[in-house]
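Remarks on the structure that follows.
A note on names: the letters A, B, ... follow the listed sequences, proteins ahead of strands, and every chain is numbered from 1.
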Amino acid sequence: MSNFFSKKASSSSKSASETRPPREVPWVEKYRPKSLDDISSQDHAVQVLKRTILSSNLPHMLFYGPPGTGKTSTILALANQLFGPDLARTRVLELNASDERGISIVREKIKNFARSTVSNPTAAQRAAFPCPPYKLIILDEADSMTQDAQSALRRTMETYSRITRFCLICNYVTRIIDPLASRCSKFRFKPLDTGDAIVRIKDICEKENVVYEEGVVEAILRAADGDLRKAITLLQSASKLHGSSSSSSAPLDADADADADSMDIDSPSTTVTVRSIEEIAGRVPSSIITSLITTASPTSSSSFSEHFSALQTAVENVILDGWSAAQLLVQIHDELVFSDEYDGTAKNSIVAAISETDKRLLDGSDEHLTILDLLVKVSGILRKSS
Amino acid sequence: MSLWVDKHRPKSLDALSYHPELSTRLSSLAASGDFPHLLVYGPSGAGKKTRIVATLKELYGPGVNKIKIDSRVFVTPSNRKLEFNVVSSIYHMEITPSDMGNNDRIIIQELLKEVAQTQQVDLSAKQRFKVVVINEADSLTRDAQAALRRTMEKYSPNLRLILLANSTSNIIAPIRSRTLLVRVAAPSYDDISSILFAVAKKERVALPPALAERIALESGRNLRRALLTLESLYAQNDSLAPDTQIPTPDWEVVVTSIADDLIKDHSAPALLKIRAKFYDLLAHCIPADLVLKTLVFKLLAKVDAELKPEVVYWAAFYEHRIHMGSKVIFHLEAFAAKFMRIYEIYLQAMMDN
């Protein structure tokens, strides 16, 4: 444990935390891969990037893929390996959606950084890192940049390509305008392999002394849907819920022994259960989903009007219990579409209804009415097919 | 003299009466020293805010209750000045960025960074981070939510966020994956009546059990509404009897009359009258989606079962349009006209049979 902390303190790069005792950082940050070798699952991208370290020639890059697949981690690790922590400060400019990135910033800040001369590495830095003669501009969450700002980048990227490389990171490659996309070599980050993710999670569990029952890791990954960040956040929350109930709730002092305190708290004594994972992940318990679907399925015993009012009450209760409509929708979809009870035609119509509902929810429609509408439609479809 | 709702609001996590498991979870999180970002969601009147305030107290002690209101001025890139109210204590800050409509991104960027870049000054503070509570997070624009993403990670040593929302549907996935989801379900009817009794006892009001149950039912599992109803009943009547009339809000009376009109008369002049009523409601700032939703459930209670699926279908359809369109009255009226039509067709078919 203690050597872990010291290791962390020595390797933490940009933040000023070296001067202060380490404080509790989210595990997502703590276990962010430090080098390209640590990155799981993205073999293709990692291979290509490793070769660029050797040849110290980098194309402009466009990373895209779903959240939590390691896009930001990869580029940060790459920057770290190319320049080392000290040189990175002058060679890397990282802008994300939390920074103002309107057209004026592209014209001024980015352009100024792009055209400034490359700083000279010291001999020590040259020995430790490749230190290629260009700067790196990382535009994280580039899909939230406006079209205008993106078009203002076009010529900048070409003019200064001798001394500057761009890396755009986004979730939706379609939101990047074509002229920019065609200037970059694209890397698709795919959702994490279950195998790799399991190794990762288990590794963290070991390092943080998390005690867990059988099936917890699988439950976490099921809830996370290939999003490793979500998985790690879940794991940390769960371990905190279980750990701190037994540890003393002594207030943390702001002086140096916070280090020791945090270690006490990091060692939980109760086991993490599958149930608590599902609870934290916000998944609707499957019993609720099944009962909703049973209520929606036509029954011969009750009259139609009884059937409808039962459905109405069921939906009302689910909504008032605070379950998220989007999550309900996902789970209703899984339940119905993967079930063997219904034939293809019925499933077709159900999926059509679900897609319509999803769109409406996304547009901000009222959840109660929308979910009721969906279930009434589903009920109608099921009645027709049976 | 404060309202009963505020007067009897539980101040600490131990005093919260329902959802005990949730309270223990929150208190163990607060005690763990490493508090995650939270996304608290649930229907209104379920006690989200109360729980958060209690959690903050657990985190920092009574200092969080000393709050002040600042008015801050922000300048947009187009040089427009925006005034924005911030409620803060020395430990936390509470903002409602959706007040600013489309400019909420600037608030998020400027304000959060400012908070995040300053450290906790008070060395005796229990926690080294500050908490920013964001109200109505589900009405944040996409841009503002995107702006939150990296901020949440980058400044996490100094800053923890608590997002309050009615539903997670409108929160983008990257934010959801960075936060711990906390669901606050609405209290059950029994919970509500027992709380009503407790409040009545503290206020020395005799509350008949039958009335408490009726208030609970009327409130639609909304505790705030139930308490307000109780107080207004108490203010209006000398003594509370089991059969005391619970007044319905004015706007609901109007909606009920619209529903009656829709059932009775299916003609163009009737539609015109209904239109006037819709305008009346909108002029009193009743949100259009609430009007439509209430209207639908009133209609559903009145029409035959065979017609209900169709009514729900069109209601959902026009409710969606209300959110997509620019002028809500069109869609309310369209729903009224549509309802008249399907009801008329249904009656015709019944006659022919």
With a 4.5 Å cut-off on heavy-atom pairs, point out which of [options] contacts chain B the most.
{"options": "A:Ala326, A:Ser365, A:Ala325", "value": "A:Ser365"}
{"options": "A:Leu374, A:Asp227, A:Leu320", "value": "A:Leu320"}
{"options": "A:Pro67, A:Gly68, A:Pro66, A:Ser324", "value": "A:Ser324"}
{"options": "A:Asp366, A:Thr370, A:Thr233", "value": "A:Asp366"}

>> Could you go through B:Leu159 and B:Phe129, starting from their C-alpha distance and side-chain angles, then the distance that decides it, and tell me whether this counts as side-chain contact (heavy atoms from CB on, under 4.5 Å)?
In response: CA-CA 5 Å; B:Leu159 176 73; B:Phe129 51 82; 5.9 Å; no
Examine whether an atom of [X] lies under 4.5 Å from a heavy atom of chain B, and if so say whether it belongs to the side chain, the backbone or both; otherwise answer neither.
{"X": "A:Asp321", "value": "both"}
{"X": "A:Ile319", "value": "backbone"}
{"X": "A:Asn171", "value": "side chain"}
{"X": "A:Arg32", "value": "side chain"}
{"X": "A:Gln236", "value": "side chain"}

Under 4.5 Å heavy-atom distance to chain A, tell me which part of [X] shows up: side chain, backbone, both or neither.
{"X": "B:Ala315", "value": "both"}
{"X": "B:Leu300", "value": "side chain"}
{"X": "B:Glu110", "value": "neither"}
{"X": "B:Arg25", "value": "both"}
{"X": "B:Phe297", "value": "side chain"}
{"X": "B:Val182", "value": "neither"}
{"X": "B:Arg142", "value": "side chain"}
{"X": "B:Asp289", "value": "neither"}

>> Run B:Arg51 and B:Thr55 through side chain to side chain donor-acceptor pair (under 3.5 Å) and show every step you take.
In response: CA-CA 6 Å; B:Arg51 281 190 163 65; B:Thr55 312; over 6 Å; no
> If you round to the nearest 0.5 Å, how far is CG of B:Leu59 from CZ of B:Arg160?
Replying inline: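 One gets 9.5 Å once the value is rounded to the nearest 0.5 Å.
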Looking at [Y] and [X], is there a salt bridge between them, counting it only when a charged N and a carboxylate O are closer than 4.0 Å?
{"X": "A:Glu141", "Y": "B:Arg149", "result": "yes"}
{"X": "A:Glu316", "Y": "B:Arg221", "result": "no"}
{"X": "A:Asp140", "Y": "A:Lys71", "result": "no"}

>> Please verify the inter-ring angle class for B:Trp314 with B:Phe317; under 30° counts as parallel, over 60° as perpendicular, anything in between as tilted.
In response: perpendicular
> With under 30° as parallel and over 60° as perpendicular, where do the rings of B:Tyr60 and B:Tyr91 fit, or are they tilted in between?
Replying inline: parallel
>> Walk me through whether B:Thr141 and B:Asp104 qualify under side chain to side chain donor-acceptor pair (under 3.5 Å).
In response: CA-CA 7 Å; B:Thr141 56; B:Asp104 54 0; 2.8 Å; yes
> What residue in B:Pro309, B:Ala301, B:Ala165 has the most heavy-atom pairs under 4.5 Å with chain A?
Replying inline: B:Pro309
>> Below 4.5 Å, heavy-atom pairs only: which of B:Gly45, B:Ser27, B:Ala186, B:Ser188 has the largest tally toward chain A?
In response: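 Answer, by heavy-atom pair count under 4.5 Å with chain A: B:Ala186.
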> Is the backbone N or O of A:Trp27 less than 3.5 Å from a side-chain atom of A:Glu208, with the two atoms forming a donor-acceptor pair by type?
Replying inline: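 A pair under 3.5 Å: no.
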>> For B:Pro174, is there any backbone N or O sitting under 3.5 Å from a side-chain donor or acceptor partner on B:Arg178?
In response: yes
>> Applying the side chain to side chain contact (heavy atoms under 4.5 Å, CB included) criterion to A:Lys359, which one of A:Leu362, A:Thr357, A:Asp363, A:Leu361 satisfies it?
In response: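 Of A:Leu362, A:Thr357, A:Asp363, A:Leu361, side chain to side chain contact (heavy atoms under 4.5 Å, CB included) with A:Lys359 is met by A:Asp363 alone.
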